[in-house]
Amino acid sequence: MYFSVIIPTCNRTELLDTCLSLLQLQELAVDYEVIVSDDSNTNSTRLLINNKYPYVIWIQGPQQGPAANRNKGASIAKGKWLVFLDDDVKPDTNLLISYSTAINAHPNISAFEGAIYPDDWKLLKLDMAECPINTTGGCFWSANICIEKSFFEQIGMFDDSFKIAAQEDQEIYNRIRDISLIIFVSDAKVVHPVRVPSVLDKLNRLPQSLNSWIFF
């Protein structure tokens with residue numbers, strides 16, 4: 001079984017560095033490649049990969065939002081199975097083995113979702129705190145999902161009309177569950193940072209967020 005781990009990124013080199021450093025600690029019972037699709041406007045991410053992670057495949061992203069960036073990474077993937085991760089998650093060392101075990105246990109299923117835990121439960125209680133949590137399934141957040149490449153292409157991939165993160169996950173989830181079960185893999189875990197944006201940041205993002213919700 002061969003996995004393509006696809007990580008879209010945009011100007012978050014330090015966070016990506018942590019993600020890649022943990023990803024290379026994966027148990028070696030499965031074969032995989034790592035693809036970083038880079039929407040950054042500097043060379044820092046490319047230099048990081050060239051100097052520290054030469055086995056990682058770097059490609060220039062389309063700079064049309066996270067959905068299009070994920071699709072770009074998937075377009076060059078060689079694996080039968082695609083694992084999408086956010087660039088700021090901390091993957092567990094048995095992430096890919098857990099997905100592999102689930103795939104073998106459910107040979108007729110083409111879509112799986114892994115667990116996403118916040119890095120600070122207390123911080124999560126603050127007003128405006130943000131974190132895509134998935135501890136019981138039923139979310140299909142692209143911070144940690146696994147999907148068969150042929151199935152992903154068959155359903156039309158992510159809708160790149162979404163230019164910001166969030167609704168593109170929900171939209172593809174709706175399309176998949178109309179035709180297939182999605183299995184939750186509790187042992188395929190990542191930790192995601194909790195962020196508390198300022199009121200000004202929230203206001204600045206409001207027009208894009210509203211447009212995304214309306215389109216969804």
Side-chain angles (χ1 to χ4, degrees), residues 1-9 15-37 53 55-57 66 70-71 73-74 76-121 124 131-155 157-158 165 168-170 172-173 175-177 179-194:
M1 189 177 300
Y2 192 73
F3 290 93
S4 293
V5 181
I6 300 167
I7 307 174
T9 192
L15 293 169
L16 176 66
D17 187 11
T18 299
C19 178
L20 292 176
S21 68
L22 293 172
L23 191 58
Q24 68 182 358
L25 300 177
Q26 286 295 300
E27 300 289 344
L28 299 179
V30 295
D31 294 324
Y32 67 101
E33 65 179 357
V34 180
I35 300 169
V36 171
S37 188
Y53 305 101
Y55 66 92
V56 172
I57 301 167
R70 293 190 193 99
N71 289 342
I76 69 161
K78 297 178 181 177
K80 180 179 179 181
W81 291 91
L82 309 177
V83 174
F84 290 98
L85 300 178
D86 279 357
D87 60 358
D88 55 354
V89 301
K90 297 178 179 179
D92 194 84
T93 55
N94 68 351
L95 177 80
L96 297 182
I97 287 180
S98 296
Y99 275 132
S100 178
T101 300
I103 290 167
N104 288 330
H106 303 278
N108 297 320
I109 299 298
S110 295
F112 300 81
E113 58 180 331
I116 306 172
Y117 291 91
D119 65 351
D120 191 328
W121 285 100
L124 194 63
C131 183
I133 300 171
N134 189 10
T135 59
T136 57
C139 299
F140 208 68
W141 302 127
S142 57
N144 182 17
I145 57 175
C146 177
I147 185 168
E148 192 171 14
K149 184 179 181 182
S150 59
F151 181 70
F152 180 68
E153 293 171 340
Q154 174 191 336
I155 64 172
M157 305 186 289
F158 286 100
E168 84 284 8
D169 292 358
Q170 298 169 51
I172 197 172
Y173 172 60
R175 277 188 281 140
I176 292 173
R177 68 178 181 175
I179 58 176
S180 172
L181 292 175
I182 299 172
I183 300 296
F184 177 64
V185 187
S186 60
D187 290 336
K189 296 177 286 189
V190 302
V191 174
H192 195 289
V194 177

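Not measured: the values here are computed from a predicted model.
Asp87 and Ile7 get closest at one heavy-atom pair: CA-CG2, 3.6 Å. For Tyr117 against Thr135, the heavy-atom pair with the smallest separation is CE2-CG2, 3.5 Å. Contact between Asp86 and Ser142 at its shortest, heavy atoms only, is OD1-O, 3.9 Å. When every heavy atom of Cys131 is checked against every heavy atom of Leu124, the shortest pair comes out as CB-CD1, 3.9 Å. When all heavy atoms of Gln24 and Tyr55 are compared, the pair lying nearest together is CB-OH, 3.2 Å. Between Glu33 and Ser4, the shortest heavy-atom distance links the atoms OE2-OG, 2.5 Å.
Side chain of Asp119 to main chain of Val194: a donor-acceptor pair is present (N/O by atom type, distance under 3.5 Å, no hydrogens or angles). For the pair Glu113 (side chain) and Ile182 (backbone), a donor-acceptor distance under 3.5 Å is absent. A distance-only check finds no donor-acceptor pair linking the side chain of Ser180 to the backbone of Ile176 [under 3.5 Å].
Annotation: the span from Leu25 atom CG to Leu20 atom CG amounts to 11.0 Å, rounded to 0.5 Å. Within the model, atoms CG of Leu22 and CG of Asp17 stand 9.5 Å from one another, a figure rounded to the nearest 0.5 Å. Between the NZ atom in Lys90 and the OG1 atom in Thr18 there is a gap of 6.5 Å [rounded to 0.5 Å]. Distance check: Lys78 NZ to Asp31 CG gives 13.0 Å after rounding to the nearest 0.5 Å. Residue Ile147 holds its CD1 atom at 11.0 Å from CE of Met157, rounded to the nearest 0.5 Å. In this structure, Lys189 NZ and Ile116 CD1 are separated by 13.5 Å, a value rounded to the nearest 0.5 Å.
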Discussion item. Applying side-chain contact (heavy atoms from CB on, under 4.5 Å) to Val5 and Leu95, what does each step give before you reach the verdict?
Written reply: CA-CA 11 Å; Val5 181; Leu95 177 80; over 6 Å; no
Discussion item. Determine whether Asn144 and Val89 satisfy the following criterion, side-chain contact (heavy atoms from CB on, under 4.5 Å), listing intermediate values before the conclusion.
Written reply: CA-CA 9 Å; Asn144 182 17; Val89 301; over 6 Å; no
Worksheet item: Which is it for Ile145 and Asp169 under the side-chain contact (heavy atoms from CB on, under 4.5 Å) test, yes or no, and what are the steps along the way?
Response: CA-CA 10 Å; Ile145 57 175; Asp169 292 358; over 6 Å; no
Item to complete: Decide side-chain contact (heavy atoms from CB on, under 4.5 Å) for Phe3 and Ile103; before the verdict, give the C-alpha distance in whole Å, the side-chain angles of both, and the deciding distance to 0.1 Å.
Response: CA-CA 11 Å; Phe3 290 93; Ile103 290 167; 3.9 Å; yes
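Two residues are said to be in side-chain contact when any heavy atoms from C-beta on lie closer than 4.5 Å; Cys139 and Phe184 fail this criterion. Counting heavy atoms from C-beta on, the side chains of Asn134 and Phe140 never come closer than 4.5 Å. Within the 4.5 Å cutoff, the side chain of Glu168 has no heavy atoms near those of the Tyr173 side chain. The closest side-chain heavy-atom distance from Asp187 to Thr101 is not below 4.5 Å. The side-chain heavy atoms of Leu96 and Trp81, taken from C-beta on, include no pair separated by under 4.5 Å.
Residues that satisfy the salt bridge (charged side-chain N to carboxylate O under 4.0 Å, His left out) test with Arg175, not counting sequence neighbours, are Glu171.
Taking the centre of each ring, Phe84 and Phe152 come in below the 6.0 Å mark.
The aromatic rings of Tyr99 and Phe112 lie perpendicular to each other, with more than 60° between the two planes, well past the 30° mark.
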